[in-house]
Structures are given as C-alpha cells and as structure tokens.
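See structure below.
Proteins come first, then strands; the chains are lettered A, B, ... in the order of their sequence lines, and each starts at number 1. Reckoned from all heavy atoms, side chains included, excluding hydrogens, waters and symmetry mates.
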Amino acid sequence: MPELPEVETVARLLRPKLVGRVFRGGEVLWARTIESSGPDEFLAALRGASCTRVWRRAKFVVVDLERRGKQAGHLVCHLRMTGRLHVEAPGYDSGSHLRVRLELDDRKHLFFIDVRKFGRMWFVREQRELFGELGPEPLEDAFDVDRFHAALRARKRQLKPLLLDQSFVAGLGNIYVDESLFRAGLHPLANSARLDRAAAKRLHTAIRSILSAAIAREGSSFDTFYRTPEGKPGGFQDEFQVYDREGEPCTRCGAAIVKTVVGQRGTHFCRTCQPRALKRGANARAARST
DNA sequence: ATCCTATCCTGGCTGC
DNA sequence: TGCAGCCAGGATAGGA
C-alpha cells in the first residue's frame, strides 16, 4: 500500500511532468474523492493555476500552485490504499476506476485512478489546513534519536499502533512498521514507555534505513495495486523480512514468521527475534506492594 | 490517555 | 461452477 517510500516515488516521478504545467480543467467522476469542497469548486480553484513544485509530506502528494507569480494554494492527494497518479496522453486507457482527470496545458492529463475509492484530493490555500496535526518526517534531521526516545517515553502505547499514528511520526504504514520492528528486534505490543535508549536507537535506525532502502527501490508492490507513475512495480517487496511472510522462515533465526492482529492490523513478526519485553516494571511493582 | 469498533470500498480469495 | 461472506488496507469518528 502506498506509504512514505511509495508516495515519495510518486512525487519524484510526477515532478518533471507537472512542474511548469498549467491546469486547464477536467472532470471528477467520483465526487467523494474531493474532500475540500464540491467538485465544481475544486476544478475552478485549479483552472489556470500553474505547478511550481511537487513534493511529499507524510503520505500526501503535494503540488504547489501559483497564479501570476503569486502563491495560489496547493493541490493535495492521498492515495490511501489503491490510488494511482499518472500523467498520460488523453487517449490513455485508464480502466474502469478513473476518479478524477485533470487537463494540462501540454495536451496531457493527470489521471487519478483508485479501485477502492478511499483516495482523496484537496485544494487548500494553506498547508496547515491539512498538515497541522502531522508528526515529524522520519527522514529529516529534526527526527533525532533523543527526541524520538523522549516521545516514546511520553506515551504508554503499544509500539505498532503508535508508529502507525501519523501524529506521532508521519509516513509509516503497516508494511514498514512491521519491517522496522523486526529490524530493531522489538515486539509489536511492547510498551513505548518502557523502551530504553538503546532500543529507541535501534528502532530509529531501523525506520530510517528501511525507508531509505525502500525509496531506492521505488517502494514495494506485492499485489496488483501499487505502481509508480511509470506503471512499474516497486522492488522493495523482495527485501521483506516479515511482511507477507507468514509461515516462512525468519531470515535471522529460521523460526516461522507469525501473523497476528494488532490494533486491527495484520501484524507479522518473529517470536524469537522480537520477544515480548520482560515485565520488569510489573515485577518491580509487585515487589514494592508486598 | 488509550484502546476498540465501525465506517468507507472493491476485488480477490475461501469455503460450502 | 456459483455464490455468499470475509478480508485487506489508511484514516477517522465515536464509545468504552
């Protein structure tokens, strides 16, 4: 599913096709795709605006817009599970799941295709209308070990749901959380407040190295959904150590990878390499109370 | 504060 | 073979 590496790939590949282009119009085929307003108002806000920058924040693709040299808001898109963005000629066969089509001034169109209709698009004047609640970008310098450790200690949550929480850290999804926890040797249900600095550092390193490696491979494609804007699958699924590997041997110890449900999400891990944290806190409390 | 459940959707899979 | 039912997933709302 599109998580940070996939969205980063989409933004990078769309960039040369959109920067400098002007939106001429278009059509919305599934109205609920547009979250910021009605479809007509959305299309009107884009018409005549030119694209100055294509980038990513969390799992959002962001297109900065300009009119007569002045900032004119942002086109924002979240792919959710099955969304795809393609810039193609008008005759492009977009299949039966086309939700939005935006016409560009070079005779090409930006197609938003989304099988499950969960993807969303917005036109916003200011970024903070959408991004105000988001946590730090895990690949930026501001995401450092000490702040991460402090943030983990400030909460008392299971690691997996906490890492999926976009207000805690932005851009991680189910795949990269499972892979990061495995790489760090941490159990998905471990309590964030009990992580010592060494564990926090392992997790921090794991998150950053996995995201970087996945971006280098243009993301992960393990089903028919995620494709780059060039129509190609990513390559990082070949490097999965736990995700989608239920019953297969752990690459580190050989034990079978197990799949459970944590926070309503399918969760893959190795019982040997990611042991449940020792309940030292519980034992200490028990000792004090006697 | 944290956790849990339902909701949004469809295609693909399982089981009868 | 046909078909009902379940499942996947990101995000969020509302209740426990």
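The shortest distance between the side-chain N/O atoms of A/Arg265 and the OP1/OP2 oxygens of C/dG10 is below 4.0 Å. In terms of phosphate contacts, A/Lys156 brings no side-chain nitrogen or oxygen within less than 4.0 Å of OP1 or OP2 of B/dC3. Dashed line: the shortest gap from a side-chain N or O of A/Lys259 to OP1 or OP2 of C/dC7 is not under 4.0 Å. Of the side-chain N and O atoms in A/His97, none sit less than 4.0 angstrom from OP1 or OP2 of B/dC9. Under 4.0 angstrom from either OP1 or OP2 of C/dG10 there lies no side-chain N or O belonging to A/Arg116. Remark: A/His78 is not in phosphate contact with C/dG10, judged by side-chain N or O atoms under 4.0 Å from OP1 or OP2.
Contact annotation for A/Tyr243: backbone-only contact, meaning every heavy-atom pair under 4.0 Å involves sugar-phosphate atoms and none involves a base.
In the set B/dT5, C/dA11, C/dG9, the nucleotide with an atom closest to the side chain of A/Arg80 is C/dA11. When distances are taken from the side chain of A/Gln264 to each of C/dG10, B/dT5, B/dT2, the shortest belongs to B/dT5.
A/Gln241 and A/Thr251 are linked by a side-chain donor-acceptor pair at a separation below 3.5 angstrom, with hydrogens and angles left out of the test. A side-chain donor-acceptor contact under 3.5 Å links A/His109 and A/Arg101.
Each of A/Trp30 and A/Arg157 has a nearest nucleotide on DNA chain B; the 5'-most of these lies closest to A/Arg157.
You'll find the ring centres of A/His204 and A/Phe143 inside the 6.0 Å limit.
Judged by distance alone, the side chain of A/Arg15 and the main-chain N or O of A/Lys17 form no donor-acceptor pair under 3.5 Å.
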